[in-house]
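The next block holds one structure in the form of structure tokens; read it before the comments.
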Amino acid sequence: MKILVVGSGGREHAVIKKIKENPEASEIFALPGNGGMENDAECVNIAATDIEGITDFAVKNSIDYAIVTPDDPLVLGCVDALEEKGIPCFGPRKNAAVIEGSKVFSKELMKKYGIPTAKYEVFSDMEKALAYLKTAPLPAVIKADGLALGKGVIIAFTREEAEEAVVSMMRDKKFGKSGENIVIEEFLEGPEVSVLSFTDGKTVVPMISSMDHKRACDNDEGLNTGGMGTVAPNPYYTDAIAKECMDKIFLPTITAMNAEGRTFKGCLYFGLMITKDGPKVIEYNCRFGDPETQVVLPLLESDLLNIMLSVTNETLSADKVRFSDKSACCVIAASKGYPLAYEKGKLLTIDESIKENVFVAGAVKKDGKLFTNGGRVLGVTAVESTLGKAVVSAYKMMEKVSFENKYCRSDIGKKALSKTN
Ligand code: AMP
Ligand code: GLY
């Protein structure tokens with residue numbers, strides 16, 4: 001089977017390594033992939049947002065199956081374009097990817113179908129937003145409607161910060177068109193849990209829960225990033241909460257999307273906050289999370305490719321998805337400066353002994369050597385019998401990765417461990 005994977009990050013590397021476990025996956029192409037994946041897939045220099053380039057490549061190379069994982073191509077309709085050419089895909093169509101592509105859409109969906117989320121108001125007029133903020137409760141959470149590289153959410157603790165956020169989005173167009181409409185919502189408190197799920201539009205099967213570490217620095221300080229590390233399972237996600245989420249969030253979301261004529265097939269990511277009033281949705285993503293995937297997939301005991309095909313064929317069932325009872329920890333190594341302007345072009349070495357545990361996100365190969373080429377360079381994942389052991393093991397392996405000014409948080413897993421102990 002010739003398989004195409006759209007994307008270039010650590011998440012895509014984790015997906016590729018997992019589908020390779022199935023001998024049917026005889027040829028795997030990554031578009032564009034990165035230099036650190038070259039042992040696992042043939043990387044082809046076509047951007048993940050070049051929908052025409054991707055479909056042309058797929059047709060010319062008689063691709064049997066396409067896996068589309070990043071948000072931009074999904075929101076742009078990459079799956080629709082590939083399906084039009086007769087290529088079966090894993091990933092939602094454009095009309096379902098809007099669940100991530102528009103926060104206004106997702107908030108209105110939740111309101112209409114009674115799915116628990118933060119209270120909110122939508123604004124398309126800056127003056128009205130500013131007037132509302134004069135008396136709105138603080139802190140206020142201000143979100144750009146569209147995709148913004150994970151940076152379109154500002155938590156404002158003062159009225160000045162809130163006004164600044166609105167002006168930067170709506171007048172100064174910091175996020176371009178994504179900020180034409182904004183959501184201002186209630187600030188929620190509680191531990192966050194990421195739950196990725198497989199769904200074929202009929203059945204929803206949650207994967208093992210995980211916890212992201214979004215801030216750049218230890219103790220959840222510093223700027224928001226794409227994610228500096230993850231652990232799975234997330235100890236805050238108890239069986240009772242899982243059941244509540246299934247009944248009040250997961251199933252109602254699938255039903256709501258069907259009722260709207262926007263059947264979601266693929267991986268639906270629920271970003272949840274466990275508040276004192278129960279779990280609430282912070283965000284939906286129309287795709288696997290990064291770096292959640294790098295801890296979730298190493299714990300998956302079932303065959304990923306078969307699960308994906310069953311999603312595409314609408315034959316998914318819970319018994320197809322089995323997870324190990326072990327724990328995983330992924331630590332990300334970032335370039336100096338990330339998430340702002342960061343260094344590139346540093347010689348990257350990864351000891352042979354840990355290659356299986358490494359998911360490369362931002363590297364290029366030149367003359368047989370790897371060089372850093374991204375903010376997040378790679379993640380190292382350890383799977384062990386306990387979370388404590390996984391954390392120790394991931395940091396130990398990280399010592400075998402080197403590049404100048406390598407930066408890692410030193411407390412990945414600390415919060416989860418304090419809950420477990
Ligand atoms: P999002 O891009 O919607 O996931 O938001 C990014 C991060 O902002 C989340 O992971 C939360 O930590 C935080 N956040 C978003 N919405 C809220 C909210 N209503 N209350 C508190 N924190 C929030
Ligand atoms: N790690 C958060 C995300 O993938 O959006």
Side-chain angles (χ1 to χ4, degrees), residues 7 9-12 14-15 69-72 74-75 97 99-107 110 116-121 136-157 162 165 169 175 178-179 182-197 207 209-216 220-232 234 236 267-277 279-297 330 332 334 339 359 361 375-376 379 409 412 415:
R11 164 185 56 201
E12 284 73 24
V15 167
T69 35
D71 49 2
D72 306 289
L74 288 168
V75 170
I99 199 165
E100 173 169 5
S102 167
K103 295 216 189 271
V104 173
F105 171 84
S106 67
K107 294 299 289 190
M110 288 186 271
T117 188
K119 291 196 197 81
Y120 72 100
E121 299 287 336
L138 290 175
V141 183
I142 297 149
K143 300 188 171 183
D145 175 40
L147 296 179
L149 297 168
K151 294 178 183 152
V153 175
I154 293 169
I155 298 176
F157 289 89
M169 288 180 195
F175 305 113
S178 288
I182 62 164
V183 171
I184 301 182
E185 69 178 32
E186 169 199 19
F187 178 75
L188 298 178
E189 283 178 279
E192 286 185 58
V193 181
S194 305
V195 179
L196 320 184
S197 68
M207 297 179 224
S209 62
S210 54
M211 182 192 285
D212 194 3
H213 297 68
K214 286 202 167 107
R215 300 297 198 94
D220 292 333
E221 286 170 9
L223 295 173
N224 250 324
T225 70
M228 293 299 295
T230 34
V231 295
N234 183 324
Y236 290 96
C267 173
L268 182 54
Y269 168 130
F270 298 89
L272 306 169
M273 195 173 267
I274 315 299
T275 73
K276 62 175 176 20
D277 303 319
K280 295 193 178 180
V281 177
I282 288 282
E283 64 164 348
Y284 292 113
N285 290 327
C286 64
R287 52 174 175 84
F288 285 95
D290 188 341
E292 284 90 343
T293 306
Q294 292 91 310
V295 283
V296 169
L297 292 186
C330 173
I332 298 291
F359 303 113
R376 289 188 294 178
R409 266 180 70 160
I412 303 302
K415 199 176 192 176

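None of these values were measured; they are calculated from a predicted model. We count ligands from 1, going down the list as the structure has it; atoms in each ligand are counted the same way.
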inquiry  = If we ignore hydrogens and angles and just use 3.5 Å, is the side chain of His213 paired with the main-chain N or O of Ile412 as donor and acceptor?
reply    = no
ask   = Under 4.0 Å from any heavy atom of Glu292, which atoms of ligand 2 are there?
value = 1 (N), 2 (C), 4 (O)
message = Any nitrogen or oxygen of Asp290, side chain or backbone, less than 3.5 Å from one on ligand 2?
response = yes
ask   = How would you list, by chain and number, the residues with a heavy atom under 4.0 angstrom from ligand 1?
value = Lys103, Ala118, Val141, Lys143, Val153, Ile155, Glu185, Glu186, Phe187, Leu188, Glu192, Lys214, Met273, Ile282, Glu283
Donor-acceptor under 3.5 Å (Thr117 side chain, Val281 main chain) = yes
Residues in ring pair (Phe, Tyr, Trp, His ring centres under 6.0 Å) contact with Tyr269, at least two apart in sequence or another chain = none
ask   = With atoms numbered from 1 as shown, which atoms in ligand 2 lie under 4.0 angstrom from a non-hydrogen atom of Arg287?
value = 3 (C), 4 (O), 5 (O)
query = Can you tell me if Arg215 uses its side chain to pair, donor with acceptor, with the backbone of Gly222 under 3.5 Å?
reply = yes
task = Give a yes or no on whether the backbone of Ala97 and the side-chain of Glu100 come within a donor-acceptor separation of less than 3.5 Å.
result = no
message = In this structure, does ligand 2 have an atom that sits under 4.0 Å from one of the heavy atoms of Gly227?
response = no
request  = Show which atoms of ligand 2 fall inside a sub-4.0 Å distance from at least one heavy-atom site of Asp212.
outcome  = 1 (N), 2 (C)
Under 4.0 Å to a heavy atom of Gly226 - the qualifying atoms of ligand 2, by number = 1 (N)
task = Using a strict cut-off of 4.0 Å, indicate which atoms of ligand 2 neighbour a heavy atom of Gly289.
result = 4 (O)
message = Testing the basics here: between Ile274 and Pro279, what is the closest heavy-atom pair and its distance to 0.1 Å?
response = CD1-CB, 4.1 Å
ask   = Are any of the heavy atoms in Phe288 under 4.0 Å away from ligand 2?
value = no
task = Spell out, as yes or no, whether a donor-acceptor pair under 3.5 Å connects the side chain of Thr293 to the backbone of Asp290.
result = no
inquiry  = I'd like to know if Lys107 and Asp145 make a salt bridge, using a cut-off of under 4.0 Å between side-chain N and carboxylate O.
reply    = no
message = Tell me whether Ser194 reaches ligand 2 (any heavy atom closer than 4.0 angstrom to a ligand atom).
response = no
ask   = Just which atoms of ligand 2 are under 4.0 Å from any heavy atom in Asn285?
value = 3 (C), 5 (O)
task = Before giving the answer on side-chain hydrogen bond (donor to acceptor under 3.5 Å, both in side chains), spell out for Ser210 and Glu292 the whole-Å C-alpha distance, their side-chain angles and the decisive distance to 0.1 Å.
result = CA-CA 6 Å; Ser210 54; Glu292 284 90 343; 5.0 Å; no
remark   = Sequence neighbours excluded, the answer for side chain to side chain donor-acceptor pair (under 3.5 Å) partners of Asn234 is none
Which residues share a side-chain contact (heavy atoms from CB on, under 4.5 Å) with Ala136, sequence neighbours left out = Tyr132, Leu133
